[in-house]
Amino acid sequence: MKIEKPTIPKGTRDFGPDIMLRRQFILNTIRTVFEKFAYQPLETPAIENLSVLTGKYGSEGDQLLYKVLNSGDFLSKTDGSDIEKGYKHLTSKISEKGLRYDLTVPFARYVVMNQHAITFPFKRYQIQPVWRADRPQKGRYREFYQCDADVVGTNSLVCEAEIILMINEVMSHLGLMDFTININNRKILTAITDLIGEHGKEAAFCVAIDKLDKIGRENVIKELSNNGFSQNAISNLNPFFEISGTTEEKITQLETHLKNSEVGKIGLNEVKQTIEYLKDFGLEKDHVEFDLTLARGLSYYTGIILEVKANNSSLKSSITGGGRYDNLTGVFGLEGVSGVGFSFGVDRIYDVLEELNLFPKEFDASTKVLLLNFDAVSFKESLKVLGVLRKSNIKCEVYPESVKIKKQMNYANKKDVPFVLMIGENEIKEGKYQLKNMDTGDQKMLNLKEIIDVLTM
RNA sequence: GUGGUUGUAGUUCAGUUGGUUAGAACGCCUGAUUGUGGUUCAGGAGGUCGUGGGUUCAAAUCCCAUCUUCCACCCCA
């Protein structure tokens, strides 16, 4: 049999111990903050019925769904003509399940299925991997974690404000101080599309305007024009391009421009109210910047939208995003449930922290002391000592085989174990053990109590 | 889905216009040192040159296909 080198699928990654320690640091930080804000945990299955997933992310999104082939004879429901009808038709016949694409849609599904048991407003957080059949590149993976927190069943803008508080708290715990929370409101974008006379073309408008900082004004105009926006509409857009200044200044300018649009005024008020709440919370620096060009792709947002980017990072894409959706559960038959949520992209946050060298030096997760294994008698005594040390919550291990001391010491060095404990014939006789500090090379004969004192210092 | 890019030892990489037995560093193993590590010294193992096909007297090197890596576009965390 030919031996082939094992590989992992494109866009997926293994997380070795050193990486996992850092990931857990991020994950634990996020989880702690979610729970402090009274969000409750939820997990949903990795695979969902395709009917739950399809049509929720736009036509592009459907392309990026991983479909799971029916088990058993997946061809049993097909015949030759199905192939001729094309792959989309065939897919529906041979695949009924798919990997989840995000955590929001499964959450909506959960809310609908459990509406009678849920007390609204319902605040839940969910930290699980999601999968997208995208082509991988910088900051983009096919399997990645999302950390979502959503509230459903309330329109209160305090939720939006609390999201901004949570983002600030998480970032500051992670040591990432230089970031920007861009916010906007879908209603404002709807209003602008209406005001320039292109009612209903909001989606195309959003996609184009979102790229303003990336491709520039000329190219945005070109793209709008290509998408059927009239010359007149595009020139009507000019005043909006001129909006600038601080968040307050931008809002003031927009108030003039949007005075004839009901929906625009509502959207603007939502932004103002959210910022007002932030002041009430007493947040000193909120990192919030109003950004009229922020649109975000997902089709279900209807109110405030937000996106977080790390400044001074080579990663230009967002590390956190979210917004309000008025009717997410509507597609599953539950109308009138408004929700707002956001999601931390752990994998991207990891990349940023790594690049900016912001990870704490030590995580205190490795072995504190290694017990050397001299011979059978020493080993037996070691097991007793291990039990005592572990009762004192000391991370410890014995080298499992009685090999050369050099090799055992080397093991301690490789794992950055700060202490080794030598339990040999002499030590057992004396009832004291040699504790060696691997950094300084010092070693002392100590009794168990003294050893525990040193190790728990 | 579109365009580009990458692949040689466990790892990071050299490898001339195609020409003997494909190299280095680090890592690994053994010994100097049978109860004391990091350092040093001596020695050793380790490769179907991503895979498959083609051109050639001769291919890591040239051509084709395929997979893989990374980057950009579309879109997104």
Side-chain angles (χ1 to χ4, degrees), chain A residues 2-13 16 26 30 57-65 87 101-104 127-148 203 206-208 210-211 214-215 219 223 295-299 301 306-310 314-323 341-352 370 372-375 377-378 399 402-428 433-443:
Chain A
K2 188 177 178 180
I3 296 170
E4 56 182 274
K5 287 185 180 173
T7 56
I8 54 174
K10 193 195 280 249
T12 65
R13 295 144 305 152
I26 299 173
I30 293 170
Y57 310 104
S59 56
E60 289 275 350
D62 285 355
Q63 298 278 340
L64 300 179
L65 281 177
Y87 75 97
Y101 178 92
D102 70 359
L103 301 177
T104 312
I127 299 176
Q128 288 187 275
V130 303
W131 294 268
R132 295 183 188 179
D134 207 352
R135 193 170 287 206
Q137 55 183 277
K138 192 181 179 69
R140 183 175 293 188
Y141 307 99
R142 284 183 161 173
E143 178 186 64
F144 61 98
Y145 270 71
Q146 286 192 333
C147 307
D148 274 34
C206 285
V207 170
D210 196 44
K211 294 181 211 161
K214 208 169 175 182
I215 62 175
N219 288 317
E223 183 165 330
R296 294 184 56 77
L298 286 180
S299 41
Y301 291 121
L306 63 91
E307 196 164 271
V308 181
K309 283 180 184 168
S314 68
L315 187 67
K316 298 302 171 202
S317 30
S318 64
I319 54 177
T320 292
F342 73 118
S343 180
F344 288 105
V346 199
D347 305 81
R348 287 182 176 178
I349 290 173
Y350 182 99
D351 290 348
V352 169
L370 173 75
L372 298 192
N373 188 340
F374 291 105
D375 51 43
V377 179
S378 142
Y399 198 90
S402 178
V403 297
K404 275 188 196 150
I405 296 309
K406 179 188 172 94
K407 187 161 180 167
Q408 301 189 34
M409 290 270 195
N410 248 324
Y411 175 81
N413 283 330
K414 291 269 170 54
K415 277 184 83 169
D416 278 324
V417 178
F419 293 95
V420 298
L421 190 63
M422 284 170 268
I423 303 177
E425 205 180 333
N426 303 335
E427 285 82 358
I428 296 173
Y433 314 117
Q434 290 271 8
L435 184 68
K436 183 184 180 82
N437 182 319
M438 294 300 276
D439 274 337
T440 62
D442 295 344
Q443 59 185 67

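Within every chain, numbering begins at 1; the chains are lettered A, B, ... in the order of the sequence lines, protein sequences first and strands thereafter.
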Base, sugar-phosphate, or nothing for [X], non-hydrogen atoms under 4.0 angstrom?
| X | result |
| --- | --- |
| A:Glu427 | base |
| A:Asp416 | nothing |
| A:Lys211 | sugar-phosphate |
| A:Gln63 | nothing |
| A:Gly139 | base |
| A:Gln443 | base |
| A:Ser343 | nothing |

Nucleotide [N], atom [atom2] - distance to [atom1] of [X] in whole Å:
| X | N | atom1 | atom2 | value |
| --- | --- | --- | --- | --- |
| A:Met438 | B:U36 | CE | C1' | 8 Å |
| A:Gln137 | B:U5 | CD | P | 17 Å |
| A:Lys406 | B:A32 | NZ | C1' | 9 Å |
| A:Phe419 | B:G37 | CZ | P | 18 Å |
| A:Asn413 | B:G37 | CG | C1' | 5 Å |
| A:Arg13 | B:U69 | CZ | C1' | 14 Å |
| A:Ile215 | B:A72 | CD1 | P | 16 Å |
| A:Tyr101 | B:A77 | OH | P | 7 Å |

A:Tyr411 vs A:Tyr399 aromatic rings, parallel, tilted or perpendicular, using cut-offs 30° and 60°?
perpendicular
Under a 3.5 Å cut-off for both contacts, is B:U2 paired Watson-Crick or G-U wobble with anything, and if yes, with which nucleotide?
B:A72
Who pairs with B:C13 - Watson-Crick or G-U, where each distance is under 3.5 Å
B:G23
Applying the side-chain hydrogen bond (donor to acceptor under 3.5 Å, both in side chains) criterion to A:Asp347, which one of A:Arg13, A:Gln146, A:Arg140 satisfies it?
A:Arg13
With stacking defined as ring centroids separated by under 5.5 Å and planes differing by under 30°, is A:Phe344 stacked against B:A77?
no
For B:G35, does either OP1 or OP2 sit under 4.0 Å from a side-chain N or O belonging to A:Lys436?
no
I want to confirm an ordering. Mapping A:Lys414 and A:Asn426 to their closest nucleotides on RNA chain B, which one lands closer to the 5' end?
A:Lys414
On RNA chain B, does the nearest nucleotide to A:Arg135 precede the nearest nucleotide to A:Ile423 from the 5' side, or the other way round? Give the residue.
A:Arg135
Quick check for you: among B:G35, B:G37, B:C75, whose closest atom lies nearest to any side-chain atom of A:Lys214?
B:C75
Regarding [X] and [Y], is there a side-chain donor-to-acceptor distance under 3.5 Å anywhere?
| X | Y | result |
| --- | --- | --- |
| A:Thr104 | A:Asp148 | yes |
| A:Lys309 | A:Thr320 | no |
| A:Asp351 | A:Tyr141 | yes |

Interatomic distance at P, B:U12 relative to B:U69, whole Å:
14 Å
Separation of the P atoms in B:A60 and B:U51, to the nearest angstrom
11 Å
Has the side chain of A:Arg140 got a donor or acceptor that lies under 3.5 Å from a partner of the other kind on the base of B:C71?
no
Between A:Lys211 and A:Glu223, does any NZ, NE, NH1 or NH2 come within less than 4.0 Å of an OD or OE carboxylate oxygen?
yes
